[in-house]
Protein chains: 2
Amino acid sequence: MLSTKDKIKYVAFKLFLEKGYEATNIREICNEVGIKPSSLYFYFKSKEELFFSIYDEVWGDKIRFIENVEELKKNISPDVKLYSVFKNTVEYCSKDICRQKFLLRYHLFPPEELIKVLRDKFKYWVDRENLIIANLVRDCIEKKILGSRISVADFLKDYNKFTTFQIIEMIISNIKLSSTEINNLWLKFWSSNYS
Amino acid sequence: MLSTKDKIKYVAFKLFLEKGYEATNIREICNEVGIKPSSLYFYFKSKEELFFSIYDEVWGDKIRFIENVEELKKNISPDVKLYSVFKNTVEYCSKDICRQKFLLRYHLFPPEELIKVLRDKFKYWVDRENLIIANLVRDCIEKKILGSRISVADFLKDYNKFTTFQIIEMIISNIKLSSTEINNLWLKFWSSNYS
DNA sequence: GTCTATAAGAGGATAGAC
DNA sequence: GTCTATCCTCTTATAGAC
């Protein structure tokens with residue numbers, strides 16, 4: 001059973017995703033939760049605070065999941081780790097497309113009143129994700145798995161474009177990828193650029 | 001010099017794109033145009049009518065442009081026509097990324113009050129675009145340029161995915177593609193799927 | 001065509017009782 | 001913690017003068 005606070009966040013997430021921040025109003029959230037608006041303000045001091053508590057949770061869950069991918073701790077080749085991170089990321093996203101759609105919505109079309117804070121937060125979380133990838137790429141270069149001509153920044157750009165598009169495709173077509181398909185995608189990405 | 005009606009549409013387009021339908025209010029549009037809200041209602045009977053007059057114009061301009069691609073009237077091979085349509089579409093989109101971003105915004109995240117009408121209108125315009133492509137693909141199959149195993153519906157799906165992603169990439173990275181890059185993209189698409 | 005004035009309602013947020 | 005009651009502002013839209 002969810003606490004009142006969690007119920008509010010659950011309902012608000014759904015509405016912020018489907019209707020957007022501006023079009024979602026406190027009264028509607030409260031109606032669905034079964035409380036009065038004044039009760040919501042006991043848990044969150046404003047609509048904006050409620051929104052960011054959800055936004056940070058969604059990003060936080062995703063990044064912590066990636067940081068804790070098991071293979072990262074094993075004593076294996078960095079390119080295998082890279083593949084594991086990609087695979088786990090895509091699988092994680094495909095398990096809960098709604099959350100990725102939420103992140104995409106507020107990345108592509110941030111509400112004016114939130115735009116500055118959103119930009120900062122977005123940068124913080126993406127940097128944290130990029131750190132993992134960048135370290136693995138540097139490892140690959142050090143161990144001569146990738147040529148020393150390869151720029152880490154360019155790799156990151158390609159990698160992010162690649163994953164972003166996989167996620168957008170899942171959102172638009174609403175189709176989950178199988179393990180084999182994910183593997184094939186990775187092979188295509190890796191072989192066409194880095195071997 | 002723009003007429004008052006066109007000024008309203010110009011300002012409203014900008015705000016509907018940047019702030020979204022719900023967050024854009026009549027007062028702000030009118031302030032920027034330099035009229036009073038009551039004057040706007042002389043030209044458009046509601047905010048919704050104003051929105052759809054813009055939405056239909058953006059789609060209409062795009063589809064009519066594609067329908068009037070010169071090569072379509074020439075006596076040339078259908079696969080060359082197909083390439084021309086692709087090239088012209090991408091060039092058209094890259095010339096005015098804002099309009100494509102507008103269409104993407106209301107496709108991915110339609111405001112609740114407009115969702116039904118938007119769905120119908122979207123289907124109408126996409127069907128009209130698909131008709132052009134489908135006819136060319138059928139021509140290709142008839143003239144044995146494409147194998148008879150190829151399903152027109154599948155080709156359309158691939159083609160639409162391909163163009164949608166080019167457009168999204170232009171929106172996200174804000175980079176216009178050169179003629180050579182467009183050509184290379186097409187070769188990659190065509191050769192990897194249909195030869 | 002454009003204005004002033006205003007209706008009618010929805011929005012976020014708060015005060016204070018229980 | 002949750003409620004009732006309410007404040008104040010913003011919103012779309014209309015009536016009617018010029």
Side-chain angles (χ1 to χ4, degrees), chain A residues 1-57 102 105-106 109-118, chain B residues 1-57 102 105-106 109-118:
Chain A
M1 196 55 194
L2 291 177
S3 68
T4 304
K5 190 169 184 176
D6 285 337
K7 261 190 245 169
I8 294 170
K9 286 174 85 172
Y10 174 81
V11 171
F13 168 80
K14 218 180 54 183
L15 293 173
F16 285 150
L17 167 64
E18 285 164 13
K19 309 182 61 170
Y21 180 78
E22 298 98 333
T24 299
N25 66 64
I26 303 288
R27 280 179 175 78
E28 193 179 354
I29 297 171
C30 293
N31 274 341
E32 253 188 76
V33 173
I35 56 169
K36 299 292 165 185
S38 47
S39 301
L40 185 144
Y41 286 93
F42 174 78
Y43 297 101
F44 303 95
K45 78 164 199 284
S46 66
K47 187 182 175 181
E48 190 175 323
E49 191 187 277
L50 169 59
F51 175 83
F52 282 121
S53 108
I54 294 167
Y55 184 82
D56 283 331
E57 188 179 304
F102 177 90
R105 171 167 205 149
Y106 292 100
F109 307 110
E112 208 181 31
E113 7 167 356
L114 310 179
I115 201 162
K116 283 186 184 172
V117 184
L118 273 172
Chain B
M1 196 52 195
L2 290 177
S3 67
T4 304
K5 189 169 183 176
D6 285 337
K7 260 191 246 167
I8 294 170
K9 285 173 84 173
Y10 175 80
V11 170
F13 168 79
K14 219 181 54 184
L15 293 173
F16 284 151
L17 166 65
E18 285 164 13
K19 311 182 60 169
Y21 180 78
E22 299 97 333
T24 299
N25 65 63
I26 304 289
R27 273 183 179 76
E28 194 178 353
I29 298 171
C30 293
N31 275 341
E32 254 188 75
V33 173
I35 55 169
K36 299 292 164 186
S38 47
S39 302
L40 186 145
Y41 286 94
F42 174 78
Y43 297 102
F44 303 96
K45 78 165 202 283
S46 66
K47 186 181 175 182
E48 190 175 325
E49 191 189 276
L50 168 60
F51 175 83
F52 281 121
S53 108
I54 294 166
Y55 184 81
D56 282 331
E57 188 179 303
F102 177 89
R105 171 166 204 150
Y106 292 99
F109 306 111
E112 210 181 30
E113 6 166 359
L114 310 179
I115 200 162
K116 282 186 184 174
V117 184
L118 273 171

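Quick note on labels: first sequence line is chain A, next is B, and so on, each numbered from 1.
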Please report, rounded to the nearest Å, how far the [atom2] atom of [N] is from the [atom1] atom of [X].
X	N	atom1	atom2	result
Ile8(B)	dA13(D)	CD1	C1'	15 Å
Lys19(B)	dT11(D)	NZ	C1'	13 Å
Asn25(B)	dA10(C)	CG	P	17 Å
Glu22(B)	dA10(C)	CD	P	16 Å
Glu113(B)	dG11(C)	CD	P	11 Å
Ile35(A)	dC18(C)	CD1	P	21 Å
Ile26(B)	dC3(C)	CD1	P	15 Å
Phe44(A)	dG12(C)	CZ	C1'	16 Å

- Side chain of Arg105(A), backbone of Leu17(A): donor and acceptor closer than 3.5 Å? yes

- Can a side chain N or O of Ser39(B) be found less than 4.0 Å away from OP1 or OP2 on dC3(C)? yes

- Task: Check whether any side-chain N or O of Tyr41(A) sits under 4.0 Å from OP1 or OP2 of dT14(C), and answer yes or no.
- Result: no

Side chain of [X]: nearest nucleotide among [options]?
X	options	answer
Lys47(A)	dA13(C), dT12(D), dT2(D)	dA13(C)
Tyr43(A)	dC3(C), dA13(D), dG1(D)	dG1(D)
Ser38(B)	dT2(D), dA5(C), dA13(C)	dA5(C)

- Task: Report which part of the nucleic acid Ser3(B) touches: base, sugar-phosphate, or nothing (heavy-atom distance under 4.0 Å, all strands).
- Result: nothing

- Check every strand shown and say whether Lys36(A) touches a base, only sugar-phosphate, or nothing at a heavy-atom separation below 4.0 Å. base

- Note on the structure: Nearest-nucleotide check on DNA chain D, Arg27(A) vs Phe42(A); residue mapping nearer the 5' end is Phe42(A)

- Item | Parallel, tilted or perpendicular, as decided by the 30° and 60° cut-offs, for the rings of Tyr21(A) and Phe51(A) | perpendicular

- Query: Taking the six-membered ring where the residue is Trp, are the ring centres of Phe102(A) and Phe13(A) under 6.0 Å apart?
  - Reply: yes

- Kindly give the heavy-atom pair with the smallest separation between Ile54(A) and Lys9(A), and that separation in Å. CD1-O, 3.6 Å

- Crowded around Tyr10(A) OH? As in, over 12 foreign heavy atoms under 6.0 Å? no

